[in-house]
Amino acid sequence: MTVDENIKRIFNELGRTKLVCVTKTIDTERINESIRAGATIIGENRVQEFEDKCADILPCERHLIGNLQTNKVKKAVHLFDVIQSVDSLKLIQDIDKKAKAINKVQKVFLQVNIGNEPQKFGFGSDEIGQVITQIQSLKNVHVKGLMCIPPFVSPEQTRSYFKKMKALFDELKQVDQDNIDIQELSMGMSNDYRVAIEEGATMVRVGSAIFGNRKY
Ligand SMILES: *Cc1c(COP(=O)(O)O)cnc(C)c1O
């Protein structure tokens, strides 16, 4: 199957859910093939890799979905429309500061460690309420959504994690605060995006089902 065929097949399954085409390790020619096939959002994991590629990528929305290190925040704020992988208070404060310096309001999602896995990034679901209060004064970040990477279990077993995320999402949509406007729920990857859509994802992040297995 070609990139074009894969994208079109996935679009048919999406309904109103948006697709983030995950392009880590993929060269710009194939990224552009996906954009020409209709992809409007791309997701990259590494700031440096994206910086090296971005000048050659066709117009599209650019999301950071991988862990962001402190020393890359400034570049990330320059390069990305949305930073989906915000996983600490310190990071969001730093993003606010770097965004302020260039007069930008940076869109971010909060990453939730929905399986409470010690090795995974993200806020605990019970921490999010407190975080929202703590970032009240930040004027250069705008929290637009939630993102999660559930434990690596079978697609059917991820369903319970997606359900928990959906409940949290529905609760946080009600938050009335100037810099919070939670509208997106980013969950589901190649192996489980169908389950995520059934459970209310507004955005799925799909790489290998579009480009084939990654070569590192
Ligand atoms: C790589 C990656 C994806 C896509 O994974 P596939 O299994 O190739 O679809 C989605 N989200 C994040 C955060 C990733 O790092």
Side-chain angles (χ1 to χ4, degrees), residues 1-14 17-28 30-31 33-35 37-51 53 57 60-69 72 76 79-88 91 95 107-115 117 119-123 144-159 161-162 165 169 184-216:
M1 296 277 271
T2 65
V3 167
D4 185 77
E5 287 166 336
N6 287 337
I7 292 256
K8 291 194 167 129
R9 176 175 45 81
I10 291 168
F11 271 136
N12 280 327
E13 300 175 290
L14 288 178
T17 307
K18 294 173 197 159
L19 173 68
V20 177
C21 184
V22 176
T23 53
K24 61 181 177 227
T25 78
I26 306 300
D27 61 52
T28 54
R30 298 177 78 218
I31 296 174
E33 205 180 325
S34 73
I35 294 169
T40 57
I41 310 172
I42 64 162
E44 282 276 341
N45 286 62
R46 289 168 179 277
V47 176
Q48 192 56 56
E49 180 187 337
F50 181 64
E51 189 183 32
K53 299 193 292 193
I57 297 174
C60 62
E61 212 176 288
R62 291 132 192 250
H63 291 210
L64 179 66
I65 61 172
N67 180 247
L68 177 55
Q69 291 166 323
K72 298 278 165 60
L79 293 171
F80 291 98
D81 299 300
V82 179
I83 300 175
Q84 292 202 11
S85 43
V86 172
D87 61 358
S88 76
L91 178 59
I95 290 171
K107 291 179 192 162
V108 302
F109 294 177
L110 302 178
Q111 182 170 349
V112 181
N113 182 358
I114 196 66
E117 297 170 281
Q119 76 280 18
K120 282 242 175 95
F121 297 111
F123 296 104
K144 301 291 287 180
L146 300 178
M147 181 274 236
C148 79
I149 306 172
F152 290 111
V153 291
S154 73
E156 202 42 53
Q157 286 171 316
T158 53
R159 191 179 294 277
Y161 298 107
F162 292 151
M165 283 298 293
F169 175 63
E184 301 292 353
L185 179 57
S186 170
M187 60 185 190
M189 320 202 311
S190 290
N191 64 336
D192 56 14
Y193 70 87
R194 295 180 186 90
V195 180
I197 292 168
E198 286 168 10
E199 296 304 331
T202 68
M203 197 177 262
V204 291
R205 309 180 307 268
V206 179
S208 45
I210 295 169
F211 297 108
N213 289 331
R214 283 178 288 275
K215 296 178 195 76
Y216 287 96

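Note that ligands are numbered from 1 as they come in the structure, with each ligand's atoms numbered from 1 the same way. Residue numbers count from 1 along this sequence.
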Exercise. Using the six-membered ring of Y193, assess whether NZ or CZ of K18 lies under 6.0 Å from its centre and within 45 degrees of the ring axis.
Key: no
Quiz prompt | Sequence-distant partners of D27, salt bridge (Lys or Arg N to Asp or Glu O under 4.0 Å), two or more places apart | solution = none
Quiz prompt | For ligand 1, the residues whose heavy atoms come within less than 4.0 Å (ordered by chain, then number) | solution = V22, K24, N45, I65, I149, M189, S190, R205, V206, G207, S208, R214
Practice problem: Would you indicate whether F11, at its atom CZ, is surrounded by more than 12 heavy atoms from other residues, nucleotides or ligands within a distance under 6.0 Å? | Solution: yes
Quiz prompt | Exceeds 12 heavy-atom contacts within 6.0 angstrom, atom CZ of R46 | solution = no
Exercise. For S190, check side chain to side chain donor-acceptor pair (under 3.5 Å) against everything at least two apart and list the hits.
Key: S208
Practice problem: Applying side chain to side chain donor-acceptor pair (under 3.5 Å), name anything that partners R30, two or more places apart in sequence or on another chain. | Solution: none
